[in-house]
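To start, the structure itself, in structure tokens.
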Amino acid sequence: MNVRLTDYRGARPTWCPGCGHFAVLGCLQQATYQLGLPPELVVVVAGIGCSGKIVQYYGGYGVHSLHGRTIPVATGIQIANPGLTVIAAGGDGDGYGIGLNHWVQAMRRNVDITYLVMDNHIYSLTTGQYSPTSRKGFVSKTTPKGSAEMHLRPLEIALTARASFVAQGFSGDVKQLTKIIKAAIEHKGFSHVNIFSPCVTFNRLNTYEWFKERIISLDAQDYSPDDRLQALAKVMEADGVLTGIIFQEERPLFHNELPGVQDQPLTKSPLELARDQFQQLAAEFLS
Amino acid sequence: MNVRLTDYRGARPTWCPGCGHFAVLGCLQQATYQLGLPPELVVVVAGIGCSGKIVQYYGGYGVHSLHGRTIPVATGIQIANPGLTVIAAGGDGDGYGIGLNHWVQAMRRNVDITYLVMDNHIYSLTTGQYSPTSRKGFVSKTTPKGSAEMHLRPLEIALTARASFVAQGFSGDVKQLTKIIKAAIEHKGFSHVNIFSPCVTFNRLNTYEWFKERIISLDAQDYSPDDRLQALAKVMEADGVLTGIIFQEERPLFHNELPGVQDQPLTKSPLELARDQFQQLAAEFLS
Amino acid sequence: MQQLTWKVGGAQGEGIDSTGEILGAVLNRMGYHTFAYRHFMSLIKGGHTNYKIRISTQPVHYHGDLTDILIAFDQRTIDENKAELHQNSIVIYDSAFEPQGLESIPCCGIPMRETAAKLGNPIIKNMVAIGVTAAALNLDPAPFLQTVASRFASKGEKIVAINKNAIQQGYDHYREKEKQRFKLPDQTAQEPLMLISGNEAAGFGALAGGCRFLAAYPITPATEIMYWLVNHLPDYGGKVVQVEDEIGACLMAIGANYAGARAMTSTSGPGFSLMQEAIGLAGMAEIPLVIVDVQRGGPATGLPTRTEQSDLNEILYGSHGEIPRIVITPATITDCFFRMIDAFNLAEHYQCVVIVATDLFLGMSKQSIAGLDYDAVKVKRSGLIGDESLADLEPGAFKRYAVTESGISPRSIPGQANGMYVALSNEHDEQAREEMEDRHNRVTQMEKRFRKLSSFQPDQWGAKYYGPDQPDLLLIGCGSTYAQLSEARQALEKAGKKVAHLHLHILAPLPATSVGFAVEQAQKCLIVDNNFTGQLKGLLQREIGLHQKFILHNRYDGMPLTVGEIIARANEVLQ
Amino acid sequence: MQQLTWKVGGAQGEGIDSTGEILGAVLNRMGYHTFAYRHFMSLIKGGHTNYKIRISTQPVHYHGDLTDILIAFDQRTIDENKAELHQNSIVIYDSAFEPQGLESIPCCGIPMRETAAKLGNPIIKNMVAIGVTAAALNLDPAPFLQTVASRFASKGEKIVAINKNAIQQGYDHYREKEKQRFKLPDQTAQEPLMLISGNEAAGFGALAGGCRFLAAYPITPATEIMYWLVNHLPDYGGKVVQVEDEIGACLMAIGANYAGARAMTSTSGPGFSLMQEAIGLAGMAEIPLVIVDVQRGGPATGLPTRTEQSDLNEILYGSHGEIPRIVITPATITDCFFRMIDAFNLAEHYQCVVIVATDLFLGMSKQSIAGLDYDAVKVKRSGLIGDESLADLEPGAFKRYAVTESGISPRSIPGQANGMYVALSNEHDEQAREEMEDRHNRVTQMEKRFRKLSSFQPDQWGAKYYGPDQPDLLLIGCGSTYAQLSEARQALEKAGKKVAHLHLHILAPLPATSVGFAVEQAQKCLIVDNNFTGQLKGLLQREIGLHQKFILHNRYDGMPLTVGEIIARANEVLQ
Ligand SMILES: Cc1ncc(C[n+]2csc(CCOP(=O)(O)OP(=O)(O)O)c2C)c(N)n1
Ligand SMILES: Cc1ncc(C[n+]2csc(CCOP(=O)(O)OP(=O)(O)O)c2C)c(N)n1
Ligand code: SF4
Ligand code: SF4
Ligand SMILES: [Mg+2]
Ligand SMILES: [Mg+2]
């Protein structure tokens, strides 16, 4: 196997110059490259949003799913063929708004996928409405007087929904982000990675500077990500604006826990029933 | 105003004898009666499930909504007329399965409603499939070999999603449950009440006894429900099986934070524009 | 054909279903053809439920209009079922109550509850009823005793003994009290009969058709498909996931299909409505997808325990925008099995959504059927590009949505080197890497997607014609109304009427040639719809025209159609 | 009618829209009738976008097939728009590039970017383009300078000065270089014209129709309705919520309606698909509900920035089970305003779902319209039972779903004493307290719900006929194709053809009398659909019959229809 970094290139990105999403794409390409995962074994499932276009710009297999529907599609792919590396990727609106339920349930199931949320605190592709992670008071096209809602805390939800890997990165720190994405992919189980990925066109509040001024990096701290409650305390203390690997544990994987054969992917199981198998099944109906 | 307890009676319940949901109905009737809320000012919005039938048996206004869709309907009613007491009620499948997203978002918004989840750890009306709160390994019609998923922790999610009131009751303790429901209704903001409400027909595991043996009541403890992180710690420590008021805080209400008049309900605002209002609006389009 | 209909009714939670199931099992084992229909309510205990079995020497696909033997545990059973009784019926009631309103219909009280109570458990009055039934049918109680013994074996000897005792006492009670006995003809079927419901048949058909993944959410009356598959798929390399909702279920199935598995979801109306957006994704991204909609009474939560064919419109026209789709309406329980195999083959071949529309009546009813033919099961693979073909291509040259003459493009599966592409919900070009708004490309791709089905020939098996050419009246139905329509047609034929029957097994693409020809030929057409607005009639009007020939007969009270009402309406129209 | 078409094109993010908006605003203020169409892509920067304005002395509802003046910032603008150019067009391009492929079409290079760059900000090349436009149209630059001054006032004097300077220099450049100038006739409209988009008109219409609550989720091309309402509803006692998804949005609107507010949701295809189940709830529980579906290119995510009338099927037939519904298709921007008022009155009167189907073309285009008539706005209340009537009843005697002759039952609002009831998604009886599976009740309630609309007379304003009786060809369309159809009809008439035009403003219940009569009369009918499968044609076939008369002309590349293609097709058919 002789992969080059360029093998992970898809279409030419159309994001605005300076968009945080470039870094996420680059780090994902780096991470999969460094891990030596051939692109044909990587499937990116993306939502709808500027963020979701990452699937078009990454070079592997992919599904550009519906708005908010990355996780169930990714889950279906992962269960069907656990030999693939499945990455779900989308925006904060996509994942924490319309798609939140799928995300929460996938975490407690511990589906073996990596979820990258490119969190710019705004709906960008639809040209600027507040999102679930926008702070209260955020002024946007649909909140001309400021949003009326307290923002959602993705890391806290991920922790209490029992994600087995929870991390946060920042498009302004690609070294750390690459490291995090690598660790997330390597982690067996649901890896939740929230990424502060500024929208330079519509979000004038949560800019690179805004994040830089506030972010506390766990890398610089003496922190061990093995206690869920402590992780929660840490996240609350930092008001959610911290980066690094926040929590990690080993837990049985959903596709292994589901009854059924484990030694080969679903996609490889023979489709035809042998005559005796058929007759045995039919015989169950004989009263 | 001269309300009697019988005024809160609706249709005759068809639940199985011994069903935990009877207690929830009774306590809700007691609570609203004791609070002196005339039934015409109470609106119950219920989901689909055995639990959801509570709306038919309670005597006020009600919407028997769709499966998983109590919260948005209740929110619409509450915003339209904050003079009403709006109670959302449904099962664990309804609220923590299909309907989870609406619930999480309503908590951070702090919509001023009370949400009663009648949590029997199973889908009952559909005659016994595991639910999001069923423990891993739970055997049901759809999990003949035991469920493959870690269960959802509603209290932890409620806490991290920033519910301003979080409590848990038990159908086996109607005194405490009535007290909790009263407090929940009196609380201004989103009140989340999870209620262990055993299904005596389909859930042979999580019986009254099962709960009784495990429940830790906060009432007997020196506990003050004013610290979110501490509440989380408490809940985790008890593995979620504790009762009482777990957390409460005062926070601005969603309908007040939304721009618009606050002094009268939406439903009372005049529907016709005066000529000058109309012309002023039209004039905005003159270039 | 000799036949008899039997029904037992009481409150939910009284073991009505198991009474029926045991009788059905014994009769089926004896070689009788049975068809059983469960009537129930959306509550767990109380209310009224009944279980009806039609017993025949020939295959029957319907439980019959009338009831010969009614076993009533309560007055409500009599009230709700009186209309089905006739002068030769007998009502066997629990003498714990005094039946009202039976007028001249023969009846016989048996102390069912009392007998059971004396045996220590009033709930086993249903076993007493089984004994009563054996006696009334003039059958040897032995096979019933055996069946019960094996069913309850795991519960211990004591339980078995009590139950057997109850049967025996019921048998004796009836023989003591009542002379009127129905004599079933001797019967031995050629081969052992399977007793199977439409839902089970659909589950089994899916497995046989190569399905290895089901993602679904529980909903009446579709959940039995899930039950069957969760109990069997894992043994054949498959998996089943109960998802958080139907949106997720449909998308999970789409994901698994994308990854190369044959995957499906099963649901009923409310869940089907939630899948509308996802259906569009499968259509746009050309991902095979099989959906079974076991229709129930609508709208909204509607009548969850009743039957209706009222999702046809949404099945045919749901989802925003436009995608090609195949809609199959199995007509019988055996059909449920075979049409699922077709569904998977077609979904893969045409890379499109295939919706199999059954209903509560077909899905939850149980029928004795002659063994399913293994040799008739054909899993046909198609459209998948091989590793070698991909290896022959320049890197990146593979065109997932290549514009071909057939409209069908080669499909790669994740894991295949050099086959990478993005399955997009946005419009896209052949290359399938990024979204594409270009209008010429749009036209090409839109036409390509819709061209796919031009090679599909729904007339091959999508419309079946029974009866004389150039009939005075053509009965037209689809799906589960088959049984009643064919019985009605036969009765009308016997009565000397020139009536034919056209039955639709495929609604989209409509077998328009066959339908058009049949309609042309007929004087008038009576379209039988199990819904309010006449959705099948609407479809035929839209696709065929000739509105003036179409007359609607529809039923929308949640019950399956009766043979009698169709005959009556046909006679009315023929006048 | 004198007229001229102007278009500016470039990459997204180059200020193309504001160029068009400023020109539109100035012309509108001068009393010209304008119609502006925005062509854009589903990305934020780059790609190709253009803004086209048709300028006329008479009201126009469409931006025209051709382009007289094309201002091109890049070659792609020329490539994508060349087909609209004619021999008398002029292409004014930024001399930063060398235009290719214009053959004999006159063109003129102006250093737009360079001029802007010299002024210190290359982005204001769009202001240079405005100056160029003023010169090309032979207009005084003053009003442009004023408009820009007031638009940018908040940004400070320096910015204003640079922008004005850019306009002036563009003006001067063009006058120096180019003689060819288009002369607009003098024009002063009777009254000041409003420059308004279909989405704004729908928002304003909703407010005027009594809407006080909007719950919605952002989606192109519907979000502008939300913008308008969020900026205005709060001042009139209303509120707007951006919900977590469209399922929640629809249900929140249902909740608010149940509570007595006039409430709505607005969306486009993908969101509309997600609302299917909720629509059934409103139908079953008889809760008024207004939904606006601003259609876009489908299926799935499809072509989010392009127009299509491809949700008609789902609008008409979506949701499982059966509910009565009203479907309104506004034909013009003014119509968007008034039909919203109708929608709210009808939803309340019939206690049903009213779907207003517009599309991207109608929703996002901006037109100069003569002032909306305040006196034509009528908020009609109906069906609400008074407190006194409730007080007169025995406690618990109020029947929310009373079976009336009209099918319409009295409705109480939470808070009203003695009016308590449960709005159920399950089947229910008149009393509306608990679910009810009884079959007779089912029939009664089903018939009651569907009887409601029998008093609705869609023929009153749902179908409008233009042109001669007994035409050789009848053009039929619905919604936004009105403009092109009516221009085509007029052109055909001028050419001596006997062509009429029937336009549908209501699709359900279909104004079948008018349509049937018109179709009967016509030799042939050309049905114009802005979708692939001919959804309007399908509807008419289903409801009217006479298939042999129907010919389809459809467009499905995401663009609005052109007048020219309709004329060409009509001539073809007339041969
Ligand atoms: C069902 C549905 N509703 C709405 C939309 C419109 N839509 C497209 S992207 C988007 C929001 C994107 O925001 P986010 O997920 O934060 O991604 P970003 O653009 O900020 O990267 C919305 C609302 C849609 N495509 N589908
Ligand atoms: C969209 C939709 N999917 C599925 C169903 C079927 N359904 C009805 S109730 C129910 C589960 C009820 O479980 P829960 O909410 O826990 O209530 P319980 O009966 O246990 O009180 C389901 C799946 C439905 N009505 N609608
Ligand atoms: S709009 Fe924002 S999120 Fe979208 S591409 Fe531009 S910078 Fe990135
Ligand atoms: S089935 Fe369970 S939840 Fe439903 S009514 Fe009976 S006991 Fe209660
Ligand atoms: Mg975002
Ligand atoms: Mg439950």
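All chains are named by letter (A, B, ...) in the order of the sequence lines, taking the proteins before the strands, and each is independently numbered beginning at 1. In this text, all values refer to a predicted model and were calculated from it rather than measured experimentally.
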Under a 4.5 Å heavy-atom cut-off, does chain C meet the side chain of D/Glu437, its backbone, both or neither? both
Any side-chain heavy-atom pair from C/Leu303 and D/Arg442 closer than 4.5 angstrom? yes
Would a 4.5 Å heavy-atom cut-off, applied to side chains only, mark D/Pro270 and C/His320 as touching? yes
Should C/Gln541 and D/Glu543 count as side-chain neighbours, where that means a heavy-atom distance under 4.5 Å? no
Rounded to the nearest 0.5 Å, how far does OG1 of D/Thr301 lie from CD of C/Glu427? 11.0 Å
Given that the side chain runs from C-beta out, which part of D/Phe40 has a heavy atom under 4.5 Å from chain C: side chain, backbone, both or neither? backbone
Proximity breakdown for C/Met41 and chain D, heavy-atom pairs closer than 4.5 Å: both
Side chains of C/Glu447 and D/Tyr556: does their closest heavy-atom pair fall under 4.5 Å? yes
For chain D, which of C/Gly558, C/Ala278, C/Gly297, C/Ala300 has the most heavy-atom pairs under 4.5 Å? C/Ala300
Region of D/Ile279 in contact with chain C, defined by heavy-atom distances below 4.5 Å: neither
Between atom CD of C/Glu314 and atom CD of D/Gln276, what is the distance when rounded to the nearest 0.5 Å? 5.5 Å
Contact check, side chains of D/Glu277 and C/Met275, non-hydrogen atoms, under 4.5 Å: no
Would you call the rings of C/Tyr317 and D/Tyr317 parallel, tilted or perpendicular if under 30° counts as parallel and over 60° as perpendicular? tilted
Tell me every residue that passes salt bridge (charged side-chain N to carboxylate O under 4.0 Å, His left out) with C/Arg76, counting only those two or more places apart in sequence or in another chain. C/Glu80
Please name all residues satisfying ring-ring contact (aromatic ring centres under 6.0 Å, His included) with C/Phe272, sequence neighbours left out, ordered by chain then number. none
Could you tell me which of D/Gly298, D/Gly280, D/Ser310, D/Ser425 has the largest number of non-hydrogen atom pairs under 4.5 Å with chain C? D/Ser425
Give the member of C/Leu281, C/Asn531, C/Leu540 that has the highest number of heavy-atom pairs under 4.5 Å with chain D. C/Asn531
Ranked by heavy-atom pairs below 4.5 Å to chain C, first place among D/Met436, D/Arg306, D/His48 goes to D/Arg306
Structural part of C/Ser42 lying under 4.5 Å from a heavy atom of chain D: both
With chain C, the option among D/Asp311, D/Leu312, D/Asn426 that has the most non-hydrogen atom pairs under 4.5 Å is D/Asn426
Please report the interatomic distance NE2(C/His547) to CG(D/Leu546), rounded to the nearest 0.5 Å. 8.0 Å
In terms of heavy-atom pairs under 4.5 Å with chain C, the winner among D/Arg449, D/Gln445, D/Gln535, D/Glu435 is D/Gln535
Between C/Leu274 and D/Ile247, is any pair of side-chain heavy atoms under 4.5 Å apart? yes
May I ask you to name which of D/His440, D/Gln295, D/Glu322 has the most heavy-atom pairs under 4.5 Å with chain C? D/Glu322
Determine the minimum heavy-atom distance between D/Ser319 and C/Ser273, stating which atoms define it. CA-OG, 3.7 Å
Under 4.5 Å heavy-atom distance to chain C, tell me which part of D/Leu539 shows up: side chain, backbone, both or neither. backbone
Looking at chain C, which one of D/Thr444, D/Thr305, D/Ile323 has the largest number of heavy-atom pairs inside 4.5 Å, strictly under? D/Thr305
Between D/Gln548 and chain C, which part of the residue has a heavy atom less than 4.5 Å away: side chain, backbone, both or neither? neither
